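Quick notes on the structure that follows.
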Amino acid sequence: MKITKQVLVRRWALTTLLALAVFAVLFWSDTRLRGLSGFATMDLQSFTGAAQYRAAFFVWTPAAFAARAGFNLGLDYLFIPLYALAFFYSGILAREAFTPRPTRMRRLLTLLAAVPIAGGFLDAAENGLHLAMLLGDASDNLARIAFTLSSAKMSAAYVGLMLLVGAVMAQVWERKQRRLKAMTQD
């Protein structure tokens, strides 16, 4: 199925703006949770041992903290597909702008566009492990697996951010080209 460039740009802009909005809410809520309890849900990404999960669970035992932590973990599941799609669309836009003909670089950019999608799946698995360990199944082995998933997810996110920068550059360059073309036609 082919989509037009206009539809692709619209989807990219929409998913990027929605991802930024959800990220802002998630960041604010998590920062508030850290201020109130000493732990944020984003801290779970750096935990490497079961004792750290038990400590976070203990601190979040009051209902108000547990509700905030649960909200953040749940909201992250909304954030995952938004950022994964925004980064994927970024990769496709960058590919189309910088490698219009079939080359190795075009194939590489196509593969790189899929990396954030894989990162989204890693993020979902990581969140599931965090939740399982918070609810009592914490072990050092699971904590190390979650930490490894988090590291891989972050690598995918960095690739996605680079693709996003490429897509923004492509849109700016394209807009500049349209303006120059309009000026030369007048």
Side-chain angles (χ1 to χ4, degrees), residues 3 7-48 52-53 56-57 59-60 63-95 109 111-135 137-138 142-171:
I3 62 172
V7 170
L8 179 64
V9 169
R10 210 175 12 228
R11 287 181 183 178
W12 169 71
L14 181 63
T15 56
T16 301
L17 291 174
L18 286 173
L20 285 171
V22 172
F23 177 77
V25 170
L26 188 58
F27 184 79
W28 173 82
S29 181
D30 217 27
T31 302
R32 182 97 170 108
L33 179 63
R34 177 181 285 130
L36 293 171
S37 71
F39 282 110
T41 54
M42 73 174 97
D43 294 336
L44 299 175
Q45 297 175 38
S46 64
F47 289 178
T48 57
Q52 293 169 302
Y53 284 93
F57 181 77
V59 169
W60 290 338
F65 297 156
R68 285 180 186 274
F71 173 80
N72 291 349
L73 289 170
L75 188 59
D76 198 28
Y77 278 109
L78 174 62
F79 179 57
I80 292 168
L82 290 173
Y83 81 72
L85 282 172
F87 289 158
F88 172 75
Y89 291 143
S90 296
I92 300 302
L93 284 172
R95 178 194 73 185
L109 284 173
L111 288 172
L112 286 175
V115 169
I117 301 293
F121 284 112
L122 293 171
D123 197 357
E126 172 203 12
N127 284 357
L129 281 175
H130 290 319
L131 187 58
M133 286 187 284
L134 285 171
L135 295 177
D137 293 336
L142 283 179
R144 281 192 292 278
I145 291 169
F147 180 77
T148 301
L149 289 174
S150 180
S151 298
K153 169 201 73 173
M154 289 307 296
S155 295
Y158 293 137
V159 169
L161 285 171
M162 295 307 296
L163 293 171
L164 180 64
V165 167
V168 169
M169 288 173 43
Q171 292 305 301

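Residues: numbered from 1 along the sequence shown. Keep in mind that this is a model prediction, so the values were computed, not measured.
Scanning both residues, Phe71 and Ser29, for their nearest heavy atoms gives CD2-OG, 3.8 Å. Closest approach of Ile117 and Ala113 over heavy atoms only: CG1-O, 4.4 Å. In this structure, Gly38 and Asp43 approach most closely via the heavy-atom pair O-OD2, 4.3 Å. Residues Phe47 and Ala56 approach most closely at CE1-CB, 4.0 Å, considering heavy atoms. Scanning all heavy atoms of the two residues, the minimum distance from Ala170 to Leu93 falls at CB-O, 4.3 Å. Looking at every heavy atom in both residues, Ala69 comes nearest to Thr41 through O-CG2, 3.7 Å.
Applying the side-chain hydrogen bond (donor to acceptor under 3.5 Å, both in side chains) test to Ser37 and every residue at least two apart in sequence or in another chain returns Trp60. By the side chain to side chain contact (heavy atoms under 4.5 Å, CB included) test, Phe79 is found to be paired with Ala19, Val22, Phe23, Leu26, Asp76, Tyr83, residues two or more places apart in sequence or in another chain being considered. Applying the side chain to side chain contact (heavy atoms under 4.5 Å, CB included) rule to Ala86 yields the partners Thr15, Thr16; only residues at least two apart in sequence or on another chain are considered. For Met42, the side chain to side chain contact (heavy atoms under 4.5 Å, CB included) partners two or more places apart in sequence, or in a different chain, are Phe27, Asp30, Arg34, Ala40, Gln45. Phe57 pairs by the side chain to side chain contact (heavy atoms under 4.5 Å, CB included) definition with Thr61, Leu134, not counting sequence neighbours. In terms of the side-chain hydrogen bond (donor to acceptor under 3.5 Å, both in side chains) criterion, Tyr89 has no residue partners (sequence neighbours excluded).
Looking at heavy atoms from C-beta onward, Leu163 lies in side-chain contact with Pro116 at the 4.5 angstrom threshold. The shortest side-chain heavy-atom distance between Val168 and Trp12 falls under the 4.5 Å cut-off. Looking at heavy atoms from C-beta onward, Leu36 lies in side-chain contact with Phe65 at the 4.5 angstrom threshold.
For residues 142-169, every residue pair satisfying the salt bridge (charged side-chain N to carboxylate O under 4.0 Å, His left out) rule, not counting sequence neighbours, is listed here: Asp123-Lys153, Glu126-Lys153. Within the structure, the salt bridge (charged side-chain N to carboxylate O under 4.0 Å, His left out) test picks out no pair touching residues 84-95 (sequence neighbours left out). Sorted by first then second residue, the salt bridge (charged side-chain N to carboxylate O under 4.0 Å, His left out) pairs that include residues 7-17, not counting sequence neighbours, number zero.
Rounding to the nearest 0.5 Å places CG of Leu112 at 10.5 Å from CD1 of Ile92. Thr31 contributes atom OG1, which lies 9.0 Å from atom CG of Asn72 (distance to the nearest 0.5 angstrom). Interatomic distance, Ser150 OG to Leu129 CG, rounded to the nearest 0.5 Å: 11.0 Å. Distance check: Leu33 CG to Trp28 CH2 gives 10.5 Å after rounding to the nearest 0.5 Å. Note that CG of Leu44 and CG of Asn127 are 8.5 Å apart. Values are rounded to the nearest 0.5 Å. The CG atom of Leu14 sits 10.0 Å away from the CG atom of Leu85 when rounded to the nearest 0.5 Å.
The environment of Tyr158 atom OH is sparse: at most 12 non-hydrogen atoms of other residues, nucleotides or ligands sit within 6.0 angstrom.
Aromatic rings of His130 and Tyr53 (six-membered ring for Trp) have centroids within the 6.0 Å cut-off, being under it.
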